[in-house]
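The next block holds one structure in the form of structure tokens; read it before the comments.
Each chain gets a letter, A, B and so on, in the order its sequence line appears, and its residues count up from 1.
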Amino acid sequence: MAANGGGGRAIRVLNVAEKPSVAKTVSGILSMNQGIRIREGRSRYNKIYEFNYSIQGQSCQMMFTSVTGHLMEMEFEGRYRKWHSCDPVDLFEAPIHKHVPEDKLDIRKTLEEEARKCQWLVLWLDCDREGENIAFEVVEVCSNVNSQLNIWRAHFSSLIEREIHQAAQQLARPNQLFSDAVDVRQEIDLRIGASFTRFQTMLLKDAFDFNFSTDGRNLVLSYGPCQFPTLGFVVERYWEIQAHEPEEFWKIQCSHTSDEGTANFNWMRGHLFDYTCAVLLYEMCAQEPIATVTKVRQQEKLKYPPHPLNTIELEKRASRYFRMSSEQTMKIAEDLYQSGFISYPRTETDSFSTRTDLRILVQEQQEHPVWGPYAQRLLDPSSGLWRNPSGGGHDDKAHPPIHPTKFSPGESRWSEDHKKLYELVVRHYLACVSQPAVGAETTVEIDIAGETFSALGRTIVAKNYLEVYRFESWGGSLIPNYMFGQQFTPTSLTLESGITRPPPLLSESDLLDCMDKAGIGTDATMHDHIKKLTDRFYAIKEASHFKPTNLGEALVMGYDDMGYELWKPYLRSMMEEDMKAVSVGNKRKYDVLATCLQQMKACFLDARVNKAKLFQALEIFFDRTNRTGGDDQHNHGQLVRKCDVCHDSDLVLRKKPDGKFMIGCLAFPQASCRNVIWLPGSISEAVVTTTVCSACTPGPVFKIQFTFRRLEIPPNFNVHHLGCVGGCDDIMRQLTEVSGSGYRNFSNTPARGRGTAAPSRNNSQNNQQQATCNFCHQTGHSSSDCYSLTSQNRNPRSQRVNSSNGDSPIPCTTCGSLCILKTANTESNRGRKFYSCQSQGCKFFVCWVDSIPTTRGGGSSSATTTSRRSGRGGGQGGGDVRFVSATGDPVSGRSCFICGDPSHIANVCPNREMTLAPATSSTVMGPLVDMQAA
DNA sequence: GCAAGGTC
């Protein structure tokens with residue numbers, strides 16, 4: 001800032017912070033807590049601090065107050081605020097303004113009163129884009145009552161004495177570009193959110209019988225650029241789980257027990273999906289089961305403490321360690337912050353400023369009965385426990401990482417959640433400034449018949465931070481000592497099977513992670529978006545994991561079927577990039593707004609044309625109602641043109657309760673305009689498009705895509721017609737003459753080709769309450785639980801494996817349910833057929849059909865119901881059995897190592913059963929041979 | 001009855 005000349009009369013300076021706590025702290029620092037007076041403001045929370053200060057030699061009488069976040073809200077003007085006042089598409093252009101909402105009026109009043117008395121205004125808002133935008137809101141309010149104000153911006157990134165004084169002495173001007181970027185976001189969020197929310201709510205709410213309780217709340221099917229991608233993550237994972245087809249794999253497991261203990265050796269190949277290959281390798285090992293130690297490596301390993309805590313980490317860890325929801329975490333954290341026990345809880349920063357006195361925070365914790373002794377050792381230089389914390393690379397330049405600010409052994413008013421969260425913040429902080437845990441690791445590799453196995457042993461040499469950070473552990477076990485070149489016989493060598501499992505549903509921690517990576521929401525709002533999913537009945541939380549409801553899944557499915565990625569995070573990411581471009585001056589605010597809104601409007605109109613996709617998706621899960629209010633969009637109407645009679649309101653396309661279409665003035669019946677165009681009664685569908693008629697004036701007159709009922713129009717007319725009602729369209733005129741208008745049809749002639757069956761079709765097709773399934777026509781389950789619906793019809797995205805129609809199911813040897821023949825579509829096994837249990841709880845993989853033993857010479861390659869696992873592996877016929885590979889070739893020229901017969905391999909040897917342990921779900925062949933005894 | 005962003 002320019003110097004203002006020294007001395008002279010003191011000027012009055014109004015200082016405004018983003019929150020009361022900052023006003024208080026900064027006032028304390030600048031006044032050095034001397035001569036400070038506190039006045040009440042109009043608002044209960046926002047006090048006014050008065051003190052004297054000198055800025056670049058200029059004496060200042062400082063008035064320091066605050067707002068509470070944004071002072072203003074963006075809103076549609078007048079009639080557009082009412083849901084039925086306009087077509088939702090109008091919201092892309094409807095006039096908007098910023099205003100101070102009711103609950104902020106007292107803050108505005110304080111600012112106005114103070115601003116009138118001052119010459120300068122200094123803005124101490126947070127140093128981020130939102131802060132800059134709030135700064136301009138404050139400027140607007142203050143300038144309205146005092147246009148002479150000299151306006152300055154203080155830049156500070158932490159509430160540290162030196163930095164605050166520096167900020168006060170180096171005032172700059174507020175940055176309009178930063179603020180513009182936020183204006184862009186606000187406007188886009190409002191227009192997209194309101195238009196899509198009204199559209200889908202009015203379209204679907206009454207059209208379906210939502211068979212869940214709304215707890216007396218009004219059902220709103222909201223859309224938002226943050227909430228929908230958050231829902232998208234939940235649904236996508238759910239689909240991934242549904243699409244998962246378990247695949248069996250095989251691995252060789254080796255263990256060795258000596259006087260010193262047991263070592264479990266893992267196969268370096270991990271596991272193989274090819275059974276035959278695994279058996280071959282296993283046979284080789286089992287035939288020459290001498291293990292030779294090929295490598296012994298001992299090294300020191302460090303396990304580092306976590307980075308300092310930011311909001312997302314706090315939420316994730318509270319969810320993981322205590323199963324606390326992010327919403328509850330933030331509520332408790334806010335309370336702890338308000339009462340002074342922890343620092344500001346909404347921060348992206350995960351590294352401490354070098355100027356922070358880290359030790360003083362530890363000193364305070366020395367008194368604690370549980371972790372106090374650790375804090376004492378931490379401060380003792382001879383313990384060597386201290387370590388300057390490493391940073392995680394994030395810095396919002398406004399707040400430090402979350403850390404304890406005041407010692408407490410636990411307050412009497414604290415809930416269990418308060419205690420847990422305070423303990424987490426303290427222990428996390430102590431861990432951050434501690435040395436990493438030290439472990440001694442021993443890796444031993446052995447070779448058996450050319451196959452490599454390895455075992456890991458670990459002992460913890462120094463726990464260090466793990467002593468205080470009880471939430472983390474570092475498992476490890478001792479293994480016997482081995483020497484390079486040493487040979488031994490394994491205690492057990494088994495071929496084991498496993499089955500690939502689908503990923504779990506998203507936990508809150510996973511969801512926060514997805515949002516963080518995709519840039520959905522901010523640290524202060526992420527938990528709100530998650531909560532919104534449950535509030536809107538889009539998702540439920542079960543055992544700390546999120547699962548989409550039918551409603552949530554159907555909405556995502558509907559948009560997905562339209563081909564839109566409105567439920568994916570890309571839109572938000574693009575907006576974020578545009579905002580950055582605006583904030584650095586690379587793009588202009590109005591250009592970004594215009595482009596984005598134009599694209600979104602086109603998308604909205606497209607979505608409306610394709611609304612049948614939404615209906616189809618919801619019909620899968622819910623019954624249709626007979627209520628005509630279901631398609632409010634049509635009842636309200638889509639804009640066709642400005643009314644050419646009253647010249648005030650709009651002419652809109654409407655669908656009447658009897659299914660006929662008409663175009664009427666929006667002013668009717670409230671106002672007197674009765675302008676109406678009756679459309680042919682033969683129309684089955686009509687949707688206003690974005691195409692503007694080039695002939696009709698005054699424009700724009702939007703063309704309408706009509707669909708006619710074939711039997712009700714002459715054969716030489718097309719059933720599809722892009723028509724205009726402005727007077728230029730001869731086809732429309734002829735069709736109106738031929739089939740009459742909807743009005744005449746309604747009163748005189750019953751419409752042809754129409755019955756009352758339409759609603760009942762849906763009722764019977766989708767009634768989930770019935771005991772008989774509407775899809776497979778079997779009793780005992782509803783269609784929503786029908787397997788065929790789950791795997792194919794209901795979710796077109798889970799067709800990674802297709803059920804084969806032509807083959808009969810076989811009984812499951814595990815659960816008694818039915819196993820059905822499927823075709824794999826995985827990369828490694830594409831086209832192979834296999835049996836798999838259809839029971840959701842069982843998921844038993846039976847076998848690859850092409851690997852099932854066949855009778856030599858019989859030539860049959862058809863699938864049998866034999867299960868390898870059951871030990872009835874076709875081996876009853878003695879040596880008359882062989883294995884065939886997927887290509888039909890013999891897999892090996894080797895003899896059976898059990899009986900020596902060259903016609904088969906050991907897996908199907910008739911003598912094998914004598915050596916087999918009873919089949920279990922995880923161990924197939926072992927322990928095959930007790931090697932020590934052998 | 002709509003969004004997301006501040007914050008109390």
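- Under the side chain to side chain contact (heavy atoms under 4.5 Å, CB included) criterion, A:Asn144 pairs with A:Glu140, not counting sequence neighbours.
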* **Where protein sits on nucleotides 3-8 of chain B, one letter per nucleotide: B base, S sugar-phosphate only, - none, heavy atoms under 4.0 Å** => BBBBBB
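- Among residues two or more places apart in sequence or in another chain, the side-chain hydrogen bond (donor to acceptor under 3.5 Å, both in side chains) test is passed with A:Thr347 by A:Thr349, A:Asp396.
- With sequence neighbours left out, A:Ala524 forms a side chain to side chain contact (heavy atoms under 4.5 Å, CB included) with A:Arg346, A:Thr522.
- In terms of the salt bridge (Lys or Arg N to Asp or Glu O under 4.0 Å) criterion, A:Arg44 has no residue partners (sequence neighbours excluded).
- Nucleotide B:dG1 holds its C1' atom 16 Å from the CG atom of A:Leu203, rounded to whole Å.
- In this structure, the salt bridge (Lys or Arg N to Asp or Glu O under 4.0 Å) partners of A:Lys98, at least two apart in sequence or on a different chain, are A:Glu137, A:Asp183.
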